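The block underneath contains the structure these notes are about, expressed in structure tokens.
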Amino acid sequence: MADRIIAGQNSPTSHDATWGPDASDILENKLTQLQSLLHCCYGDEQELFEAIGARHRGNLMWIGADLADDIARLTQQLLKRLQALDQQKA
């Protein structure tokens with residue numbers, strides 16, 4: 001039995017929950033998902049990863065690549081927002 005919760009709820013955590021999750025909330029969720037996925041691929045869980053077969057290993061790596069792309073896109077969105085805020089203050 002697993003001793004860690006792998007997936008959490010996708011519920012809004014921003015201050016104004018009526019608008020749903022913002023980019024920082026989604027980024028945090030994606031990072032948590034990627035960390036859990038990678039946890040299954042190394043260390044004590046590596047035997048499970050090797051036992052699931054090449055097709056499923058490939059699918060997991062595909063999921064990881066998609067998550068990494070999402071994280072990069074969200075990070076760029078947040079950086080643009082921060083730069084815009086800095087320019088407004090100047």
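Note that the numbering runs from 1 along the sequence shown for the chain. Treat the numbers as computed from the prediction; the structure is a model and nothing was measured. When reading the values below, keep in mind they use all heavy atoms of this one structure, side chains included, and skip hydrogens, waters and symmetry mates.
To the nearest 0.5 Å, atom CG of residue Asp69 and atom NZ of residue Lys30 are 10.5 Å apart. Between the CG atom of Leu67 and the CD atom of Gln33 there is a distance of 5.5 Å, given to the nearest 0.5 Å. Once rounded to the nearest 0.5 Å, the distance linking CG of Asp22 with CD of Glu28 reads 10.0 Å. Atom OG1 of Thr75 sits about 7.0 Å away from atom CD1 of Ile71, to the nearest 0.5 Å.
Side-chain contact between Cys41 and Phe49 is present, with at least one heavy-atom pair separated by less than 4.5 Å. A 4.5 Å side-chain heavy-atom check between Leu79 and Gln76 finds at least one atom pair inside the cut-off. Looking at Asp66 and Ile63, their side chains never come closer than 4.5 Å, going by heavy atoms from C-beta outward.
Between Arg57 and Glu50, the shortest heavy-atom distance links the atoms NH1-O, 2.8 Å. When every heavy atom of Ala23 is checked against every heavy atom of Leu78, the shortest pair comes out as CB-CD2, 3.8 Å.
By the criterion of side-chain heavy atoms lying less than 4.5 angstrom apart, applied directly or through intervening Ile, Leu, Val, Met, Phe, Trp or Tyr residues, Ile26 is not grouped with Leu82; the two fall into different hydrophobic clusters. Both Leu60 and Leu48 are members of a single hydrophobic cluster when ILVMFWY side chains are connected at heavy-atom separations under 4.5 Å.
Of the charged side-chain nitrogens involved, none lies within less than 4.0 Å of a carboxylate oxygen, so that Lys89 and Asp86 do not count as a salt-bridged pair.
A side-chain contact (heavy atoms from CB on, under 4.5 Å) with Leu85 holds for exactly one of Gln87, Gln88, Gln83; it is Gln88.
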